Amino acid sequence: MKLLLIDDEAFALKLLSHQLAALGATDVTTTQSAVEALALLANRDERFDIVFSDLQMPGVDGIEFVRALAATHFDGELVLASGEDARIVQTAERLARAHGLRVLGSLNKPVSPEALQGVLKEHAERVAARPRAKRRTYGPDELRQAIAAGEIIGFCQPKVSMVSGALAGVEILARWHHAEDGLVFPDQFIDVAEANGLIDELTRAVLCNALEQARRWRDAGLECRVAVNLSMDNLGDPEFADFVVSALAQAGVPPSGLVLEVTESRLMGDVRSALDVLARLRLKRIDLSIDDFGTGHSSLAQLRDLPFNELKIDRGFVHGACRDTQLAAILVASLDMAKNLGMRSVAEGIEDAEDWNFLRQSGCEIAQGYFIARPMPMAALADWLPEWEQRRNDMGLGKP
Ligand code: C2E
Ligand code: MG
Ligand code: MG
């Protein structure tokens with residue numbers, strides 16, 4: 001593991017080097033100047049795994065360094081170490097992520113051995129996870145064939161009531177069952193579909209698959225709403241609303257059994273056509289959800305203009321909100337707005353009991369996230385339910 005430390009104070013460098021050596025790091029390079037660090041990083045033969053950078057430095061400061069580091073296409077990990085106010089450090093971290101850098105975390109100076117160990121442990125975990133997350137890019141032809149061959153399948157993730165714990169529905173998340181690569185995630189093929197005119201076929205396949213399963217669940221006595229993700233491009237097709245209505249009829253699922261989730265950041269293209277399709281879907285009594293709320297550029301304008309009846313708060317405002325006053329303020333305001341607009345509120349990214357308690361106490365109606373269940377094959381839902389019933393009881397939620 002090759003480390004690079006940047007800090008204008010010689011003493012801070014020395015201290016951090018000692019601490020890292022005590023934790024077993026043997027290859028540590030130090031520099032007092034960000035400019036020199038960038039020169040080192042520009043050298044192709046020097047591949048650093050982790051760069052530790054101070055924020056407050058004379059000359060090129062930590063923020064400028066982050067920007068320049070991103071420009072070098074640095075593919076290692078970054079740790080920010082600073083004695084500054086936590087909000088400045090958080091902003092710097094977000095900025096680094098926005099630049100596409102991999103941020104391991106930040107350290108408060110003077111650095112505690114525990115915090116340092118935590119960062120190194122996180123690094124080790126990410127490295128261990130890497131070979132699994134073998135990423136390759138897929139071409140349009142391959143994807144077209146996969147859709148036609150039924151290799152795009154839906155996983156499902158439960159949404160539950162925060163009051164009673166009852167199952168409120170499931171979100172269907174596309175997965176590609178790839179013959180060689182195993183399970184491929186949507187971030188590796190949705191963009192490809194959108195860029196190559198395949199998103200209509202893909203959405204239709206996922207939707208029909210979801211509705212068939214909804215039929216089976218209903219036949220088995222499980223009246224569970226299914227939510228399917230749409231892409232902005234689906235809304236450019238004026239026939240889309242009719243397709244959805246006929247797919248519902250064919251599967252024998254009532255319109256109230258379907259939710260369509262639209263990602264807000266993609267709601268920026270042809271607003272007129274989107275408005276037309278969404279208005280017709282609402283007229284047919286299909287629920288519309290504004291997904292990843294808070295992450296796009298015009299959240300409030302979308303809310304004003306489009307007939308959504310569910311607001312899904314992005315996980316970036318949910319997980320950890322109880323420990324972050326800014327997140328909490330945004331979250332509470334979003335929940336309040338949903339309520340005043342008569343919309344159902346859903347929080348995604350509920351990862352632990354703290355998230356659950358905080359959201360519940362803030363009045364959020366529906367929860368989704370790893371704390372409740374990870375996305376699973378649709379056939380696994382029946383096995384998950386009794387397990388959840390047990391936990392629901394243990395948590396003292398409304399007796400079934
Ligand atoms: P999304 O609609 O916001 O879906 C939620 C994503 O968050 C899913 O990722 C889910 O696995 C993940 N997630 C759920 N709970 C947690 C949690 O507690 N913590 C964290 N960190 N993550 C959680 P996934 O399945 O990788 O999907 C990513 C995105 O791909 C989706 O975001 C959606 O925008 C898109 N997508 C998925 N399926 C389809 C589809 O059929 N059509 C279209 N157009 N987009 C899809
Ligand atoms: Mg979604
Ligand atoms: Mg989302």
Side-chain angles (χ1 to χ4, degrees), residues 97 129 133 135 143 146-147 150-160 168-177 183-211 213 225-237 240 244 247 258-267 269 274 277 287-296 308 310-321 344 346-356 358-359 364 366-378 380 384:
R97 290 205 173 90
R135 290 186 68 87
L143 181 58
I147 299 170
E151 287 177 19
I152 306 294
I153 51 164
F155 265 40
C156 70
Q157 188 180 31
K159 292 173 163 178
V160 301
V170 296
E171 175 173 7
I172 307 296
L173 296 159
R175 300 285 183 265
W176 179 350
H177 229 318
L183 217 51
V184 180
F185 288 78
D187 59 338
Q188 278 174 278
F189 60 85
I190 296 290
D191 288 351
V192 181
E194 285 176 346
N196 295 280
L198 296 171
I199 194 71
D200 252 326
E201 281 168 64
L202 187 142
T203 303
R204 287 171 188 229
V206 173
L207 180 73
C208 292
N209 183 217
L211 291 175
Q213 181 63 54
R225 238 193 318 240
V226 295
V228 171
N229 289 286
L230 297 189
S231 159
M232 178 61 200
D233 301 358
N234 294 125
L235 305 177
D237 171 14
F240 187 73
V244 173
L258 179 65
V259 182
L260 295 172
E261 296 189 3
V262 186
T263 305
E264 182 205 33
S265 55
R266 298 202 188 113
L267 262 181
V277 173
D287 280 1
L288 299 179
S289 176
I290 183 163
D291 203 351
D292 303 338
F293 183 75
T295 59
F308 293 106
E310 178 181 285
L311 187 138
K312 249 188 125 167
I313 303 171
D314 188 71
R315 63 172 176 270
F317 299 101
V318 172
H319 177 54
R344 186 162 64 221
V346 181
E348 58 172 43
I350 306 260
E351 292 194 4
D352 50 38
E354 283 179 330
D355 292 340
W356 171 278
F358 187 70
L359 268 292
C364 181
I366 292 175
Q368 179 180 354
Y370 296 165
F371 177 67
I372 300 124
R374 292 197 173 241
M376 61 185 97
M378 297 204 266
W384 168 80

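Values in this document were obtained by computation on a predicted structure and should not be read as measured data. Whatever order the structure lists ligands and atoms in, that order sets their numbers, starting from 1.
Within the listing of ligand 1, atoms 11 (O), 24 (P), 25 (O) sit less than 4.0 angstrom from a heavy atom of R175. Within the listing of ligand 1, atoms 3 (O) sit less than 4.0 angstrom from a heavy atom of D292. Below 4.0 Å from some heavy atom of Q157 lie the following atoms of ligand 1, by number and element: 14 (C), 15 (N). Listed by number with element, the atoms of ligand 1 under 4.0 Å from a non-hydrogen atom of S231 are 44 (N). Taking every non-hydrogen atom of G349 and a distance limit under 4.0 Å, the qualifying atoms of ligand 1 come out as 17 (C), 18 (O).
A 4.5 Å side-chain heavy-atom check between I172 and N229 finds every atom pair outside the cut-off. Proximity of Q157 to E348: side-chain heavy atoms (C-beta onward) are nowhere separated by under 4.5 Å. Between F308 and D291, the closest side-chain pair of non-hydrogen atoms is not below 4.5 Å. Side-chain contact between F240 and D200 is present, with at least one heavy-atom pair separated by less than 4.5 Å. With a 4.5 Å cut-off on side-chain heavy atoms, E171 and C156 do not count as touching. Here the side chains of D233 and T203 are not in contact, with every heavy-atom distance at 4.5 Å or above. Looking at Q213 and V170, their side chains never come closer than 4.5 Å, going by heavy atoms from C-beta outward.
Using a 4.0 Å cut-off between heavy atoms, P186 contacts ligand 1 through its side chain alone, with no backbone atom that close. Under 4.0 Å from ligand 1, the heavy atoms of E171 that appear belong solely to its side chain. Counting heavy atoms closer than 4.0 Å to ligand 1, residue A174 contributes atoms from both its backbone and its side chain. With a heavy-atom cut-off of 4.0 Å, E348 touches ligand 1 through its side chain alone. With a 4.0 Å heavy-atom cut-off, ligand 1 is reached by the backbone of N229 and by its side chain too.
Ring planes of F189 and W176: perpendicular class, angle over 60° (limits at 30 and 60°).
The closest approach of E171 to the Mg ion (ligand 2), by N/O/S atoms, is made by OE2. Within E261, OE1 is the N, O or S atom that lies nearest to the Mg ion (ligand 2).
Between the side chains of T295 and D314, not a single donor N or O lies within less than 3.5 Å of an accepting N or O. Under 3.5 Å, the side chains of E310 and S289 contain a donor-acceptor pair of N or O atoms.
Remark: among candidates F155, F189, Y370, the nearest residue to atom 18 (O) of ligand 1 is Y370, based on non-hydrogen atoms.
Considering backbone and side-chain atoms together, R315 places an N or O closer than 3.5 Å to an N or O of ligand 1. By the 3.5 Å distance cut-off applied to N or O atoms, T203 is not counted among the residues near ligand 1.
Shown here are the salt bridge (charged side-chain N to carboxylate O under 4.0 Å, His left out) partners of R374, two or more places apart in sequence or in another chain: there are none.
Distances from ligand 1 to the non-hydrogen atoms of D291 include at least one value under 4.0 Å.
Put simply, the angle at the Mg ion (ligand 2) from OD1 in N229 to OD2 in D291 is close to 90°, to the nearest 10°.
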